[in-house]
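Quick caveat, the model's predicted, so the values are computed rather than measured.
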Amino acid sequence: MKIISLNVGLPREVLWHGRSVTTGIYKEPVGGRVALRKLNLDGDRQGDLTVHGGESKAVYCYPAEHYEYWKKELPGRELTVGMFGENFTVRGLLEKDVHLGDRFRVGSAEVVVTQPRLPCYKLGVRFGSDDMVKRFLASGRGGFYLAVTREGEVGAGDQITLSSRDANAVPVPEITRLYVSRRWGTQDLASLQRATQIAALPEDWKHYFRERMRKNSGQ
C-alpha cells in the first residue's frame, strides 16, 4: 500500500452553466516532501469550507486502480492523476479493504479514516458533465477521507502501513450504501450501531444515522 502521487491545488474560479463557481477540485501532482497538517497538505486548499475541508476531511484518497475503470467509462478523455480531486492517489488500498477508524502510518505522519466521499456538483464541473456525480456514486468507486492524528511529512512513493483497526470497524463501502439506502434491515442496524461508536466518524454523520434509526424504530 503506497502513495503513487501526491496532489495539491488552490481554489480557482471557473464558469459553469453561466455562473462563476469557486472550487478547489483541480489538483496537480507535486514532488518532494510535503508537510501534512491538521487541516490539509501545504499548498492545498478547498473552495467551499462549509462542505469541504476541515479536520475530518484533511486528505482525500483515491485508488489508482479505479482509473482503468474510468478510462473505459469515459473513452477519449485524458485522465491524469488528481483528476478526481484527490490528494493521495494510492495503490493497494481499495475501499473494500478500508474501514472507518482504520489508522495508518504514512511518511512521518499518522492518519485515520473518517468517512467515504459523497460527491457534490463540483465533480461535474471538473468533468464538464452534470451526470458525472450520479455515475461516480453508482460506480462504488468513491474513495475516502482521512483526518491527521499526527502531523508530519509525506511524499509520492511513501508506504502506507495499517497501525490499528477500531473494534467497531465498518467497511467504507458499507457506510456509503447505508447512507444512500432508503430502508435498513436488522443487519444494517447492527452495522450502524457499530459505526456510530467509532470516534473518527464525524458528528454530522452520527447525527444523520441516529435520527434515521430513531425514525426507523418508530420512537
Side-chain angles (χ1 to χ4, degrees), residues 11 21-25 36-41 44-62 84-88 93-104 110-125 133-134 136-151 162-219:
V21 173
T22 302
T23 176
I25 198 170
L36 175 57
R37 308 187 192 279
K38 282 289 186 180
L39 292 179
N40 46 37
L41 290 156
D44 192 63
R45 296 289 186 277
Q46 292 76 37
D48 183 354
L49 293 177
T50 63
V51 291
H52 300 292
E55 290 191 7
S56 64
K57 294 182 179 179
V59 176
Y60 173 47
C61 293
Y62 198 68
F84 296 90
E86 76 269 20
N87 302 113
F88 290 177
L93 201 60
L94 295 173
E95 294 91 342
K96 66 182 180 65
D97 302 317
V98 177
H99 299 68
L100 293 187
D102 278 359
R103 294 179 178 271
F104 295 97
E110 294 181 1
V111 295
V112 60
V113 179
T114 56
Q115 64 186 80
R117 180 188 187 179
L118 298 178
C120 76
Y121 78 96
K122 301 286 181 68
L123 185 66
V125 173
V133 175
K134 289 183 179 179
F136 186 79
L137 188 60
S139 74
R141 295 167 170 82
F144 51 91
Y145 286 102
L146 305 173
V148 179
T149 55
R150 187 178 74 181
E151 295 184 346
L162 180 68
S163 56
S164 69
R165 175 159 288 166
D166 196 286
N168 293 300
V170 178
V172 166
E174 180 76 351
I175 292 298
T176 305
R177 183 186 68 79
L178 292 169
Y179 190 91
V180 300
S181 294
R182 293 185 177 183
R183 295 179 181 177
W184 294 330
T186 303
Q187 289 186 334
D188 294 336
L189 291 170
S191 292
L192 287 168
Q193 290 287 359
R194 295 201 313 276
T196 54
Q197 295 178 57
I198 298 172
L201 183 67
E203 284 302 318
D204 57 339
W205 282 72
K206 290 179 181 178
H207 177 75
Y208 171 80
F209 285 139
R210 285 169 178 156
E211 280 298 296
R212 281 197 56 191
M213 283 191 287
R214 182 181 62 81
K215 293 176 181 177
N216 190 78
S217 66
Q219 295 178 356

Derivation and outcome, side-chain contact (heavy atoms from CB on, under 4.5 Å), residues Gln115 and Lys57: CA-CA 8 Å; Gln115 64 186 80; Lys57 294 182 179 179; 3.2 Å; yes

Derivation of the side-chain contact (heavy atoms from CB on, under 4.5 Å) call for Leu39 and Glu55: CA-CA 5 Å; Leu39 292 179; Glu55 290 191 7; 3.7 Å; yes

Pair Leu93-Phe88, side-chain contact (heavy atoms from CB on, under 4.5 Å): steps then yes or no: CA-CA 11 Å; Leu93 201 60; Phe88 290 177; over 6 Å; no

side-chain contact (heavy atoms from CB on, under 4.5 Å) evaluation trace for Leu100 with Phe144: CA-CA 9 Å; Leu100 293 187; Phe144 51 91; over 6 Å; no

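Between Leu192 and Met213, the shortest heavy-atom contact is CB-SD, 3.7 Å. Closest non-hydrogen pair, Arg214 versus Glu211, comes out as NH2-OE1, 2.9 Å.
Rounded to the nearest 0.5 Å, atoms CG (Asp102) and OG (Ser163) are 8.5 Å apart. Note that CG of Leu189 is 11.5 Å distant from CZ of Phe209, once rounded to the nearest 0.5 Å.
With sequence neighbours left out, the side-chain hydrogen bond (donor to acceptor under 3.5 Å, both in side chains) criterion links Tyr208 to Arg212. Shown here are the side-chain hydrogen bond (donor to acceptor under 3.5 Å, both in side chains) partners of Asp97, two or more places apart in sequence or in another chain: there are none. Judged as a ring-ring contact (aromatic ring centres under 6.0 Å, His included), and not counting sequence neighbours, the contacts of Phe136 are Tyr62, Phe84. Applying the side-chain contact (heavy atoms from CB on, under 4.5 Å) criterion to Arg37, with sequence neighbours excluded, gives Ala35, Asp42, Glu151. Val125 pairs by the side-chain contact (heavy atoms from CB on, under 4.5 Å) definition with Val14, Trp16, Tyr26, Tyr121, not counting sequence neighbours. Remark: Asp44 engages Lys27, Gln46, Asn87 in a side-chain hydrogen bond (donor to acceptor under 3.5 Å, both in side chains) (not counting sequence neighbours). For Glu86, the side-chain hydrogen bond (donor to acceptor under 3.5 Å, both in side chains) test picks out Tyr67, Thr89, with sequence neighbours left out.
By the 6.0 Å contact criterion, CD on Gln187 is open, its count of non-hydrogen atoms from other residues, nucleotides or ligands being 12 or less. Residue Lys38 qualifies as enclosed at atom NZ: its count of foreign heavy atoms under 6.0 Å is above 12.
Legend: salt bridge (charged side-chain N to carboxylate O under 4.0 Å, His left out) pairs involving residues 189-209, not counting sequence neighbours, sorted by first then second residue: Glu203-Lys206. Within the structure, every pair that satisfies the side-chain hydrogen bond (donor to acceptor under 3.5 Å, both in side chains) test and touches residues 167-186, not counting sequence neighbours, is listed here: Glu174-Arg177, Arg177-Asp188.
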